[in-house]
Amino acid sequence: MTLLEAATAVRLRAYVPYSRFHVGAAIMSVEGRVHIGCNVENVAYPEGTCAEAGAIAAMIAAGDTRIAEMVVIADSPEPVPCCGGCRQKIAEFAAQDVKVTLCTTDGKSKTLTVAQLLPGVFSQAHMDRV
Ligand code: THU
């Protein structure tokens, strides 16, 4: 199963009674395993979680450590951009040159590196004086 197929399948399991916007994400870890996530909303809206965050949590829970590649898919007119918070979450576990492919259900896609997704990322180096 490709990463796109995995993201497409998990997207259908998104829990989205409030936005009705289903998002699926799949990660290939550097350890060589696929991890998936979908968005899970909550009646207390800020408590909802994005598909990307779910896939990262699944990767860490499975014992893998780093992202080698990632695919995100949603039913939107243009490839859905990850939210700001997810860009920072992805950057925590991926090298700057890792590719993140953003897809629509009707076949459009856009591939960005992590560096392009989050220029000027806040990193451990910024705390060097602590
Ligand atoms: N969402 C994601 O899961 N990933 C994205 O990249 C963009 C937004 C979710 C959050 C919320 O459940 C719904 O999409 C609408 O914002």
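When a residue number appears, it is its place in the shown sequence, counting from 1. Every number for a ligand or one of its atoms is a count from 1 in the order of the listing. All heavy atoms count here, side chains included; hydrogens, waters and symmetry mates do not.
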re atom 11 (C) of ligand 1, the protein heavy-atom contact at minimum distance is E41 OE2, 3.3 Å
So CG of L102 and CD of E52: to nearest 0.5 Å the spacing works out to 8.0 Å
Interatomic distance, CE@M59 vs CZ@R33, rounded to 0.5 Å, equals 10.5 Å
In ligand 1, the atoms that come under 4.0 Å of a heavy atom of E52 are 2 (C), 3 (O), 4 (N), 5 (C), 6 (O)
Quick note on ligand 1: atoms under 4.0 Å from a heavy atom of P81 include exactly 6 (O)
for atom 9 (C) of ligand 1, nearest protein heavy atom and its distance come out as N39 ND2, 3.4 Å
Exercise for review: Would you check, one step at a time, whether the test side-chain contact (heavy atoms from CB on, under 4.5 Å) holds for I73 with T105?
Suggested key: CA-CA 7 Å; I73 186 165; T105 50; 4.2 Å; yes
**Request:** Salt-bridge test for E78 and K108: reply yes if a basic N is under 4.0 Å from a carboxylate O, no otherwise.
**Result:** yes
Here the gap from I56 atom CD1 to C86 atom SG, rounded to the nearest 0.5 Å, amounts to 6.5 Å
So the atoms of ligand 1 within less than 4.0 Å of a heavy atom of S19 turn out to be 13 (C), 15 (C)
Checking heavy-atom distances from atom 3 (O) of ligand 1 to each of G54, A51, A14, the winner is A51
_With side chain to side chain donor-acceptor pair (under 3.5 Å) as the criterion, how do E31 and T65 come out once you've worked through the C-alpha distance, each side chain's angles and the decisive distance to 0.1 Å?_
CA-CA 8 Å; E31 291 85 357; T65 59; 2.4 Å; yes
of all protein heavy atoms, closest to atom 16 (O) of ligand 1 is F21 CD2, 4.8 Å
To the nearest 0.5 Å, atom CG of L112 lies from atom CG of L118 at 11.5 Å
Any C86 heavy atom less than 4.0 Å from ligand 1: no
C50 heavy atoms within 4.0 Å reach ligand 1 at atoms 1 (N), 2 (C), 3 (O), 4 (N), 10 (C)
Subject >> Any protein heavy atom nearer than 4.0 Å to atom 6 (O) of ligand 1 >> reply: yes
